[in-house]
Amino acid sequence: MSASPRSKRICQIIKLKPSAVEEYISIHANVWPAVLAALERAHITDYSIHYYAPLQLLIANFKYTGDDYESDMNKIAEDPDTQRWWKLTDGMQESFVEGAEGSGKEISWWTTLPEVFKFEGKA
């Protein structure tokens, strides 16, 4: 099954504070249903976060299948449950983006990486 022609993949990184590793992993074992619902409403699918301990690096990957990425990201940022989730998780992270103050703010909290290679296989 191939991805929708309008879908795009997003990869983002952020640093995880060493003191927060266990808690971060623990809370992500049971992400709040309302937060997942907000992602789904914003056309986010196939979302995963990986952790690379030697660099204390969180690597997030997801597909966006909507028509207006900026608008959908704003809807997530306006969701009260997501705001509460971010208040919890942002304190565990350190942004690589100069001037970033937290998730859902004007300056992106996570760093979005450019895609340099893609292979989807046979359709």
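We number each residue from 1, following the sequence as shown.
Summarising the geometry of K8 relative to I10, their closest heavy-atom pair is CE-CD1, 3.8 Å, with the distance given to 0.1 Å. Among all heavy-atom pairs drawn from D81 and A34, the shortest one is OD2-CB, 3.3 Å. Minimum interatomic distance between I14 and E94 (heavy atoms only, all atoms of both residues): CG1-O, 3.3 Å. Closest heavy-atom contact between K17 and Q93: CE-O, 3.5 Å. I27 and W85 make their closest contact through O-CH2, 3.5 Å (heavy atoms, listed as atom of the first residue, atom of the second, distance). Scanning all heavy atoms of the two residues, the minimum distance from A60 to I49 falls at CB-CG1, 4.0 Å.
Atoms CG and OH, on L57 and Y51 in that order, are 9.0 Å from each other to the nearest 0.5 Å. Here the CD-OG distance, from Q56 to S19, works out to 9.5 Å after rounding to the nearest 0.5 Å. A distance of 4.5 Å separates NE2 of H43 from CG of D72, quoted to the nearest 0.5 Å. Atoms CG and OG1, from L39 and T82 in turn, are 6.5 Å apart once rounded to the nearest 0.5 Å. With values rounded to the nearest 0.5 angstrom, R9 atom CZ is found 6.5 Å from K63 atom NZ. S108 contributes atom OG, which lies 11.0 Å from atom CE of M73 (distance to the nearest 0.5 angstrom).
Both L58 and V31 are assigned to one and the same hydrophobic cluster, defined by single-linkage of ILVMFWY side chains at heavy-atom distances under 4.5 Å. Y47 and L88 fall within a single hydrophobic cluster, where Ile, Leu, Val, Met, Phe, Trp and Tyr side chains are chained together by heavy-atom contacts under 4.5 Å. Note on I44: it clusters hydrophobically with W32, by side-chain heavy-atom contacts below 4.5 Å among ILVMFWY residues. Taken together through direct or relayed side-chain contacts under 4.5 Å among Ile, Leu, Val, Met, Phe, Trp and Tyr, I76 and I107 form parts of separate hydrophobic clusters.
Side-chain contact, D90 with W109: a donor N or O sits under 3.5 Å from an acceptor N or O.
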Do I13 and H50 pass the side chain to side chain contact (heavy atoms under 4.5 Å, CB included) test, and can you show the C-alpha distance, the side-chain angles, and the key distance before you say yes or no?
CA-CA 10 Å; I13 59 170; H50 300 264; over 6 Å; no

Run V21 and M92 through side chain to side chain contact (heavy atoms under 4.5 Å, CB included) and show every step you take.
CA-CA 8 Å; V21 173; M92 299 179 199; over 6 Å; no

Show, in sequence, the C-alpha distance, side-chain angles and deciding distance for Y52 and L16, and conclude whether the side chain to side chain contact (heavy atoms under 4.5 Å, CB included) test is met.
CA-CA 9 Å; Y52 184 62; L16 182 62; over 6 Å; no

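Residues F62 and D46 form no side-chain contact, since every pair of their non-hydrogen atoms from C-beta on lies 4.5 Å or further apart. In this structure, the side chains of E115 and C11 stay at 4.5 Å or more apart for every pair of heavy atoms.
In this structure, the side chain of Y64 engages the main chain of Y69 through a donor-acceptor pair within 3.5 Å.
Counting heavy atoms of neighbouring residues, nucleotides and ligands inside a 6.0 Å radius, atom NZ of K118 exceeds 12 of them. Other residues, nucleotides and ligands contribute at most 12 non-hydrogen atoms within 6.0 Å of the CD atom of E70. Heavy-atom contacts from other residues, nucleotides or ligands closer than 6.0 Å to NZ of K87 number 12 or fewer.
Between D79 and R41 there is a salt bridge, since a side-chain N of the basic residue sits under 4.0 Å from a carboxylate O of the acidic one.
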